Structure formats: C-alpha cells, structure tokens
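After the structure tokens below, expect a handful of questions from me.
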Amino acid sequence: MVVPAMAVDGSTKIMGVIGDPIAQVMTPTTINAIFAARKVNIVCVPLHISAHELDTAWKGLKALGNLIGFGITLPHKQAAMTLCDSLEPLAERVGAVNLVRREADGSFRGYQFDGKGFVRGLKGQGHTPSGSRCLMVGAGGAAIAIAFALAEEGAASLTIANRTRAKAEELAEAVNRKMGRSFARAGEPRPEPGQIVINATSLGLSASDPLPFDASLIDGTMLIAEVIAKPEVTPLLEAARARGAQIHSGIHMIHGQVDLIAAHMAEAQAKV
C-alpha cells in the first residue's frame with residue numbers, strides 16, 4: 001500500500017504502536033493512509049519497547065504532550081492493563097488492551113479492538129462466524145478478545161488449545177460464565193472437518209518457527225485463519241492452501257479494526 005504524503009509540522013499529533021518485536025506491525029502503514037485521506041494531522045509510528053522496559057517507557061510516553069495514544073502488540077497486551085489509569089468495560093472483561101488513548105484529563109485509558117477486528121475481518125471476506133465450530137490455538141491477549149467476540153457473534157462452539165492447558169481452561173470458563181452458556185472448552189490442537197481454525201499465537205512471525213499444529217490434519221472443508229499480518233501468508237497458511245483449505249490472513253484483522261481505531265484516535269486529537 002502506498003501511503004499518501006503527509007505534512008508533519010509542530011501541531012502534528014503522534015500515535016505510537018508498541019511491541020517487541022515491532023518490525024512485523026502493519027498498523028502504521030494502514031492507519032496513516034486513513035489519517036491522510038481524512039486530512040487528520042496525526043502520524044502513527046512503531047516504537048520498539050521490550051517487556052523489561054515497559055514500566056520505564058510508559059512514564060516517557062505519558063510525558064509526551066503531543067502523544068494521543070498508542071496501539072499495543074505482543075507481548076504487552078496484558079501487562080499494559082495494570083499501567084492504564086482506567087479501562088473500558090470490554091478491555092476489563094477481556095483482560096487485555098490493544099489500544100491506549102490519552103483522555104481529555106491527560107489520563108491513559110485502555111481499549112480493546114482485537115476481537116471486533118477479527119470478526120469484522122472474517123465477515124468482510126465473506127466468512128460466517130455465526131453458527132460455526134471453531135478451534136483456536138493460543139490463549140494470550142488477542143486470543144482472549146477473539147474468544148469473547150466469537151461467542152458474541154453467535155459461533156456454535158470454541159475449542160481452545162494452549163501450551164499451558166490451565167490458561168485455556170481459565171479462558172473457556174471466563175467466556176462461558178460471561179455468555180451464560182457452554183460455548184468454550186479446553187482441548188487439543190487437532191482440527192476437525194468443517195471448523196474455523198485460528199492460530200492466535202506468535203508462531204509464524206519467523207520462518208524458522210514450528211507450525212502451531214500438525215498441518216497433515218488440515219483438509220479442504222476448513223478455514224485456516226491467522227492473527228499474524230506480516231508475513232501476510234504465513235507458513236501455516238501456505239501449508240493449508242496446499243491441502244485445499246481456505247485461508248485467511250491476519251491482515252484482515254488489522255483492516256477490520258483500523259478504521260475504528262482511526263476514528264477513536266481522531267476524537268482525541270483536539271483534546272491533547
């Protein structure tokens with residue numbers, strides 16, 4: 001995507017995206033194009049912050065008077081919760097934030113758009129989560145948001161597989177409690193015919209990563225979906241396509257939420 005030229009001046013507001021690693025993030029490219037098209041004087045930049053420096057960096061971010069907020073990617077989505085001054089109800093329920101906005105009083109408030117973005121991305125590509133049986137590998141920040149969003153969208157069931165089974169069980173119990181129905185359960189990373197299968201782990205960011213599950217179990221009745229946007233086609237998606245399955249890149253989750261985030265951040269522009 002070609003980002004239209006933007007004039008950066010002394011009144012330009014800054015939006016960051018924090019994470020470690022950071023080279024894979026696609027949000028700046030996508031959202032800067034939206035800001036430019038809307039003639040909003042905001043520029044989004046990636047900020048490489050490691051987990052052990054998050055507390056220190058947070059104080060610096062708070063001190064930047066022209067910073068209106070920042071997106072959050074791995075590994076900070078859960079740790080950032082305790083640093084926010086307040087949380088929207090959805091972020092509090094999910095237990096992870098993927099956006100922090102500076103409010104009118106200068107405070108940092110945490111928000112959650114991952115789940116909405118994932119579901120909007122699926123629907124935008126012609127897929128129907130409602131009534132679907134799903135398998136998700138992973139139980140971290142993005143996975144938590146996706147689990148709640150799938151339940152709210154009316155998916156029939158969700159199996160959660162995670163390296164630490166206790167985290168999968170905890171997530172399943174939390175979703176079932178909130179929805180008031182037996183929707184989610186902990187299980188093994190074994191895809192079944194007809195499922196939407198979601199890789200919500202970081203496996204696939206590097207070409208040397210192992211696949212999140214045995215690709216020989218994939219068949220042509222499945223939809224294999226990623227949360228990873230770069231590479232746009234991960235080794236898992238390549239293997240799935242070779243086995244005749246439909247594939248769904250993580251870039252669609254970005255596109256599904258970035259316009260919502262752009263509007264949300266533009267609201268803050270005049271307040272900073």
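Quick caveat, the model's predicted, so the values are computed rather than measured.
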Review point. Is a side-chain N or O of Gln112 found less than 3.5 angstrom from the main chain of Ala96, in a donor-acceptor match?
Key: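 The answer is yes, because a donor-acceptor pair under 3.5 Å joins these two groups.
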Point to revise | All side chain to side chain contact (heavy atoms under 4.5 Å, CB included) counterparts of Ala143, not counting sequence neighbours | key: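 Side chain to side chain contact (heavy atoms under 4.5 Å, CB included) list for Ala143, sorted by chain: Met136, Ala200.
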Practice item. Kindly work out whether a path of hydrophobic side-chain contacts (I/L/V/M/F/W/Y, heavy atoms less than 4.5 Å apart) joins Val43 to Ile22. Key: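 As far as the 4.5 Å side-chain criterion goes, Ile22 and Val43 are not connected within one cluster.
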Exercise for review: Check step by step if side-chain contact (heavy atoms from CB on, under 4.5 Å) holds for Lys116 and Leu90.
Suggested key: CA-CA 11 Å; Lys116 296 175 188 175; Leu90 177 60; 3.6 Å; yes
Review point. With Gln24, which residues qualify under side-chain hydrogen bond (donor to acceptor under 3.5 Å, both in side chains), at least two apart?
Key: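 None.
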Point to revise | Nearest-0.5 Å distance that lies between atom CZ in Phe70 and atom CD1 in Ile49 | key: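 Interatomic distance, Phe70 CZ to Ile49 CD1, rounded to 0.5 Å: 7.5 Å.
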**Study point:** Set of residues satisfying ring pair (Phe, Tyr, Trp, His ring centres under 6.0 Å) with respect to His76, sequence neighbours excluded
**Key:**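 Result, ring pair (Phe, Tyr, Trp, His ring centres under 6.0 Å) vs His76: none returned.
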Point to revise | side-chain contact (heavy atoms from CB on, under 4.5 Å) between Met265 and Leu99, intermediate numbers included | key: CA-CA 10 Å; Met265 297 308 286; Leu99 184 76; 3.9 Å; yes
Check your understanding: Side-chain contact, heavy-atom cut-off 4.5 Å: Leu47 with Leu61?
Key ->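 Answer yes - side chains close enough.
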**Study point:** Nearest heavy atoms of Ala91 and Gly110, plus distance in Å
**Key:**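 Looks like CB-O, 3.8 Å.
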Point to revise | Within-4.5 Å side-chain heavy-atom neighbours: Leu135 and Met222 | key: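 No. Closest side-chain heavy atoms not under 4.5 Å.
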Exercise for review: Output the distance between atom CG (Leu74) and atom OG1 (Thr201), rounded to the nearest 0.5 Å.
Suggested key: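 With rounding to 0.5 Å, CG (Leu74) is 9.0 Å from OG1 (Thr201).
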Check your understanding: Is the number of heavy atoms from other residues, nucleotides or ligands under 6.0 Å of Glu170 CD greater than 12?
Key ->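 Atom CD in Glu170 is not crowded, with 12 or fewer foreign heavy atoms closer than 6.0 Å.
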Exercise for review: Determine whether Tyr111 and Ile34 fall in the same hydrophobic cluster, where Ile, Leu, Val, Met, Phe, Trp and Tyr are linked whenever their side-chain heavy atoms lie under 4.5 Å apart.
Suggested key: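 Hydrophobic grouping puts Tyr111 with Ile34.
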Point to revise | Transitive ILVMFWY side-chain link Ile224 to Ile196, under 4.5 Å | key: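 Cluster IDs for Ile224 and Ile196 differ.
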Check your understanding: Is there a side-chain contact between Asp209 and Pro235, using heavy atoms and a 4.5 Å cut-off?
Key ->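 Contact flag for Asp209/Pro235 side chains = no.
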Point to revise | Any donor-acceptor pair under 3.5 Å from Asn32 side chain to Phe35 backbone | key: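 No, the answer is negative, given that no donor and acceptor are paired below the 3.5 Å cut-off.
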Review point. Please walk me through it: do His252 and Leu122 pass side-chain contact (heavy atoms from CB on, under 4.5 Å)?
Key: CA-CA 7 Å; His252 302 303; Leu122 283 176; over 6 Å; no
Check your understanding: Excluding sequence neighbours, so at least two apart, what forms side chain to side chain contact (heavy atoms under 4.5 Å, CB included) with Glu92?
Key ->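 Scan of Glu92 (side chain to side chain contact (heavy atoms under 4.5 Å, CB included), adjacent residues dropped) gives Leu87.
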Point to revise | All side-chain hydrogen bond (donor to acceptor under 3.5 Å, both in side chains) counterparts of Thr82, not counting sequence neighbours | key: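 Thr82 satisfies side-chain hydrogen bond (donor to acceptor under 3.5 Å, both in side chains) with no residue once adjacent residues are dropped.
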**Study point:** Donor-acceptor under 3.5 Å (Arg243 side chain, Ser216 main chain)
**Key:**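 Yes: the side chain of Arg243 pairs with the backbone of Ser216.
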Point to revise | Verify same cluster id: Leu223, Phe118 (apolar side-chain graph, 4.5 Å) | key: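 As far as the 4.5 Å side-chain criterion goes, Phe118 and Leu223 are connected within one cluster.
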Exercise for review: With sequence neighbours excluded, tell me which residues meet salt bridge (Lys or Arg N to Asp or Glu O under 4.0 Å) with Glu232.
Suggested key: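 By the salt bridge (Lys or Arg N to Asp or Glu O under 4.0 Å) rule, Glu232 matches no residue at all.
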Exercise for review: For Leu260 and Arg120, run side-chain contact (heavy atoms from CB on, under 4.5 Å): C-alpha distance rounded to whole Å, both residues' side-chain angles, the deciding distance at 0.1 Å, then the answer.
Suggested key: CA-CA 11 Å; Leu260 299 175; Arg120 287 186 82 205; 3.1 Å; yes
Exercise for review: Examine distances only and state if a side-chain atom of Asp20 and a backbone atom of Ser50 form a donor-acceptor pair shorter than 3.5 Å.
Suggested key: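 No: the side chain of Asp20 does not pair with the backbone of Ser50.
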Point to revise | Side chains of Leu150 and Val175 in contact at under 4.5 Å (non-hydrogen atoms) | key: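 Counting from C-beta outward, Leu150 and Val175 never come under 4.5 Å.
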**Study point:** Partners passing side chain to side chain contact (heavy atoms under 4.5 Å, CB included) against Thr128 (at least two apart in sequence or in another chain)
**Key:**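 Per chain and number, Thr128 pairs via side chain to side chain contact (heavy atoms under 4.5 Å, CB included) with Ser130.
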Review point. Quick one: does Glu88's side chain get under 4.5 Å of Arg93's, heavy atoms only?
Key: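 The answer is no, as the side chains (C-beta and beyond) never meet within the 4.5 Å cut-off.
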Point to revise | Distance in Å, Phe148 CZ paired with Met179 CE, rounded so as to fall on 0.5 Å steps | key: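 Going from CZ on Phe148 over to CE on Met179, the span is 9.0 Å.
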Review point. Is there any salt bridge (Lys or Arg N to Asp or Glu O under 4.0 Å) pair reaching into residues 128-150, and which pairs are they, with sequence neighbours excluded?
Key: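 Only Arg133-Glu192 qualify under salt bridge (Lys or Arg N to Asp or Glu O under 4.0 Å).
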Review point. Does a donor on one side chain and an acceptor on the other come within less than 3.5 Å for Ser182 and Asn176?
Key: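 Result is no, nothing qualifies.
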Practice item. Quick one: which residue pairs count as a ring-ring contact (aromatic ring centres under 6.0 Å, His included) with a foot in residues 194-234, not counting sequence neighbours? Key: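 Non-adjacent pairs meeting ring-ring contact (aromatic ring centres under 6.0 Å, His included): zero.
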Point to revise | Nearest-0.5 Å distance, CG of residue Leu236 to CG of residue Leu203 | key: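 The CG atom of Leu236 sits 9.5 Å away from the CG atom of Leu203.
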Check your understanding: Taking everything shown except Lys62 itself, do over 12 heavy atoms lie less than 6.0 Å from its NZ?
Key ->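 For Lys62, atom NZ is crowded (more than 12 foreign heavy atoms under 6.0 Å).
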Check your understanding: Which pair of heavy atoms, one from Ala155 and one from Phe183, lies closest together, and at what distance?
Key ->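 Here Ala155 and Phe183 meet closest at O-CE1, 3.2 Å.
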Check your understanding: Quick one: NE2 on His52 to CG on Leu54, what's the gap to the nearest 0.5 Å?
Key ->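 Rounded to the nearest 0.5 Å, the NE2-CG separation comes out at 11.0 Å.
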Point to revise | Any donor-acceptor N/O pair, Asp114 side chain to Ala145 backbone, under 3.5 Å | key: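 It does not hold such a pair.
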Review point. Considering only heavy atoms from C-beta outward, does the side chain of Val233 approach that of Arg241 to under 4.5 Å?
Key: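 Side chain of Val233 against side chain of Arg241, heavy atoms only: contact under 4.5 Å found.
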Review point. Which heavy atom of Cys44 sits nearest a heavy atom of Val17, and at what distance?
Key: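 Result for this residue pair: SG-CG2, 3.6 Å.
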Practice item. Identify, with sequence neighbours excluded, every residue that meets ring pair (Phe, Tyr, Trp, His ring centres under 6.0 Å) alongside Phe113. Key: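 Partners of Phe113 under the ring pair (Phe, Tyr, Trp, His ring centres under 6.0 Å) test: His264.
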Point to revise | Spacing of Ile42 atom CD1 and Lys13 atom NZ [to the nearest 0.5 Å] | key: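 Taking CD1 in Ile42 and NZ in Lys13, the distance rounds to 9.5 Å.
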Practice item. Could you tell me whether the side chain of Arg102 and the main chain of Leu67 form a donor-acceptor pair under 3.5 Å? Key: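 Flag set: sc Arg102 to bb Leu67 pair under 3.5 Å.
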Point to revise | same_hphob_cluster(Met81, Val94) at 4.5 Å side-chain heavy-atom cutoff | key: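 No; Val94 is not reachable from Met81 via cluster members.
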Exercise for review: Would you indicate whether the side-chain heavy atoms of Asp85 and Glu103 approach each other to under 4.5 Å?
Suggested key: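 Heavy-atom side-chain distance check fails, nothing below 4.5 Å.
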Review point. Does some side-chain heavy atom of Leu237 sit less than 4.5 Å from a side-chain heavy atom of Asn199?
Key: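 When only atoms from C-beta onward are counted, Leu237 and Asn199 do not touch, as no gap falls below 4.5 Å.
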Check your understanding: With Lys230, which residues qualify under salt bridge (Lys or Arg N to Asp or Glu O under 4.0 Å), at least two apart?
Key ->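 Once residues adjacent in sequence are excluded, Lys230 has no partner under the salt bridge (Lys or Arg N to Asp or Glu O under 4.0 Å) criterion.
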Practice item. Please name the pair of heavy atoms, one in Val97 and one in Ala80, separated by the smallest distance, quoted to 0.1 Å. Key: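 So the two residues come closest at CG2-CB, 3.7 Å.
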Review point. Is it true that atom CZ of Arg38 has more than 12 heavy atoms of other residues, nucleotides or ligands lying nearer than 6.0 Å?
Key: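 Counting neighbours around CZ of Arg38, more than 12 heavy atoms of other residues, nucleotides or ligands fall under 6.0 Å, so yes.
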Point to revise | Distance-minimising heavy-atom pair for Arg181 and Ala151 | key: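 Minimum heavy-atom contact is NH2-O, 3.2 Å.
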Review point. Can you name the nearest heavy-atom pair linking Pro129 to His127, along with the distance?
Key: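 Minimum heavy-atom separation between Pro129 and His127: CD-O, 3.4 Å.
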Check your understanding: Taking only residues two or more places apart in sequence, or in another chain, which ones meet Glu238 in a salt bridge (Lys or Arg N to Asp or Glu O under 4.0 Å)?
Key ->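 Here no residue qualifies.
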